[in-house]
Amino acid sequence: MSLRVRFAPSPTGALHIGGARTALYNWLLARGHDGTLVLRIEDTDRERSTPENVDQILDALRWLNIDFDEGPIFQSERAPRHAEALDQLLAGGHAYRSTATADDVRAYKDRHGDDRGFRGDAESAGAVRLRVPDGGETIVHDVIRGETRFPNANLDDPVIARADGSVLYNFAVAIDDLDAGITHVVRGEDHLSNTPKQLLVLEALGADAPRYAHLPLLHGPDGRKLSKRHGAASVQELRDGGYLPEAVDNYIALLGAGFAADEEFFSLPELAERFRLERVSKNPAVFDEHKLRHLNGRHLRELGTAELTDRLERFTGRTGLRGAVEIAAEKIQTLADFWPLVSFLFDGPVDDPAAFDKTIGPDGGVSALTAARQALAETEPFDVSGVEGALRGVVERTETKPGKVFQPVRVAVAGQTVSPGIFETVALLGKDETLARIDAALARARDQP
RNA sequence: GCCGCUAUCGUCCAGGGGACUAGGACGCCGCCCUCUCACGGCGGAAACCCGGGUUCGAAUCCCGGUAGCGGUACCA
């Protein structure tokens, strides 16, 4: 069977994480079945769907390595076809014009009962409503949820076009899916109750319906709709937060994919291979940045030094980072963690008086540092093992704990109590720079007793 | 209000009539490794929403309740 799947974002600028997951699932479905993936843009909301916002959505999708085989198809450009389909329904008596307002619908329900769907009378002007049968039911066959039945009696005759002739979403999307030969519609659960309307449109046109699958929604840690209050709600924010597209794809795929629980570290091809639409969970999921960070760390280390250096240089806007990457890679979980950890290598020790006082100030830090300085001055060659031998020698000779020597040195060269391994750090800085920094720290300790 | 969806550790998943003393991962706690922070290793605490029913047997099937969520636009 040849699958045709489509993803249809509403381009409001930010690609919501839930939207990204929907896009990914569509992609995984298509890639896993040799199917075709179509991008359709719901761009008729003029206020939000600016060309800039469309570009941002496209960028975010590209960043996630989600590529499309066809499209984008813009809903706004399909207006002539929508008008034609509308005329067809009007002519066939499947739709009618009505001037009924929301208040009229309300009044109708007050008369007939809250659960009774609105039915209007055909008029010569007004918006176009689809005529919903009075009896029977419209059944949504959902790949994930099974059958959901909507009795036609409680469905309102939906407005499918405004009085000015412009069509509404539930009509347009049904026509576009039909024309594009879409076989699978995978989208958020918030569309489940729209589905009977779309099914009714298709039915009135005498067309077959695609297969539907409605994905559970994504929530923030407080159980509410994911928003910026939760840290990151969009793919763009994740990217700026130093996450890797590989990790984001991996993580959002996990939220509901229903894979066996034995392993959860996957590449995109591995995800496509395992993805089964029918396995997708029905429960809403909570987005947990902790787990994303964990996965990100693993993907980060999987990259290898060369690739990681490249990404880090693009992220920080710096160059010549390779040496720092080699010694810091195992200590970071996101690209954003990198610079605070190693900036001292390039920009000099950071200024942290508390760290200085604690390790070099009052107690015996000065004498240990002085001894370390002397040993390092005589170290040749000045490489990792040479530095290690020198510093460990000081520890032995002074019969103290390693930390009593290493921490003062760390603070002297880095200015902070946390850094990559001290031998690697000192070796990378080189003898001259290291000694200069130690001398500066020693001088500072003398000046402020 | 009405229509609909959902319900297993704090979180994400697994288990879908007996293999459940309910499994894995993140997080948390402890220990080990250790120059800091991490990484890694080992161990621990931690869940079947409630009530009925079906059945020899229910986390699993059915019904009800409750809760959460979604929809209820001449938005998408």
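Labels below follow one simple rule: chain letters A, B, ... track the order of the sequence lines, proteins then strands, and each chain is numbered from 1.
Atom pair A:D45:CG and B:A73:C1' shows a separation of 12 Å (rounding to whole Å applied). Here the P atom of nucleotide B:C3 and the CD atom of A:E189 are 17 Å apart, to the nearest Å. Regarding A:L215, its CG atom lies at a distance of 19 Å from the P atom of B:C69, rounded to whole Å. Look at CZ on A:F266: it is 18 Å from P on B:C12, rounded to the nearest Å. Atom P of nucleotide B:C26 and atom CG of A:L255 are separated by 15 Å, given to the nearest angstrom. The CG atom of A:D142 sits 13 Å away from the C1' atom of B:U6 (whole-angstrom rounding). A:I144 places its CD1 atom 13 Å from the P atom of B:A7, with the value rounded to the nearest Å. Going from atom CG of A:L300 over to atom P of B:C37 covers 20 Å, rounded to whole Å.
In the interface, the side chain of A:K331 is not paired with the base of B:C39 through any donor and acceptor atom under 3.5 Å apart. Side-chain atoms of A:N194 come within donor-acceptor range of the base of B:A76, with a qualifying N/O pair under 3.5 Å.
Regarding contacts with the backbone of B:C26, every side-chain N or O of A:H290 stays at 4.0 angstrom or more from both OP1 and OP2. Applying the 4.0 Å criterion to OP1 and OP2 of B:U36, one finds that A:T417 has every side-chain N and O outside that range. When the side-chain nitrogen and oxygen atoms of A:R392 are compared with OP1 and OP2 of B:C35, one or more of them lie within a distance under 4.0 Å. In terms of phosphate contacts, A:N283 brings a side-chain nitrogen or oxygen within less than 4.0 Å of OP1 or OP2 of B:A7. At B:G4, none of the side-chain N or O atoms of A:R145 fall inside 4.0 Å of OP1 or OP2 (strictly under the cut-off). Regarding contacts with the backbone of B:G15, a side-chain N or O of A:R279 is found under 4.0 angstrom from either OP1 or OP2. In this model, the phosphate group of B:C74 is not approached by any side-chain N or O of A:R97 to a distance below 4.0 Å at OP1 or OP2.
To the nearest 0.5 angstrom, A:L200 atom CG is 11.5 Å from A:F150 atom CZ.
Ion pairing between A:R298 and A:E264 fails under the 4.0 Å rule for side-chain N and carboxylate O. By the 4.0 Å N-to-carboxylate-O rule, A:K331 lies too far from A:D337 to be salt-bridged with it. A salt bridge does not link A:R131 with A:D157: every distance from a Lys NZ or Arg NE/NH1/NH2 to an Asp or Glu carboxylate oxygen is 4.0 Å or more.
Heavy-atom distances to RNA chain B give each of A:L192 and A:K197 a nearest nucleotide, and the one nearer the 5′ end belongs to A:L192. Where A:K282 and A:R116 meet RNA chain B, the nucleotide closest to each residue was compared, and A:R116 sits on the side nearer the 5' end.
Summarising the base pairing, B:A25 is matched to B:U11 through a Watson-Crick or G-U wobble pair whose two defining distances lie under 3.5 Å. Figure legend. B:C42 is base-paired to B:G30; pairs are counted as Watson-Crick or G-U wobble with both atom distances under 3.5 Å. Base pairing of B:C20 is not made with any nucleotide, judged by Watson-Crick or G-U wobble geometry with both donor-acceptor distances under 3.5 Å. Across every strand in view, B:G51 sits in a pair with B:C63 that passes the Watson-Crick or G-U test at under 3.5 angstrom. For B:U72, the paired base is B:G1 (Watson-Crick or G-U wobble, both distances below 3.5 Å).
Between B:A58 and B:C49, the two C1' atoms lie 16 Å apart (nearest whole Å). Taking atom P on both nucleotides, B:C9 is separated from B:G1 by 27 Å, rounded to a whole Å.
Closest contact between the side chain of A:T148 and the listed nucleotides B:G4, B:U11, B:C26 involves B:G4. Of all nucleotides listed (B:C69, B:A76, B:G27), B:C69 comes nearest to the side chain of A:H219. Comparing atom distances between the A:P402 side chain and each of B:C35, B:C13, B:A25 picks out B:C35 as nearest.
By the 5.5 angstrom centroid cut-off and the 30-degree plane limit, A:H191 is classified as not stacked against the base of B:G70.
When each of A:K291, A:R21, A:E289, A:H299 is paired with A:Y251, the side-chain contact (heavy atoms from CB on, under 4.5 Å) condition holds for A:K291 and for no other. Residue A:H214 is tested with A:E189, A:H191, A:R187 for a side-chain hydrogen bond (donor to acceptor under 3.5 Å, both in side chains); the sole match is A:R187.
Within a 6.0 Å radius of NE2 in A:H141, other residues, nucleotides and ligands contribute more than 12 heavy atoms.
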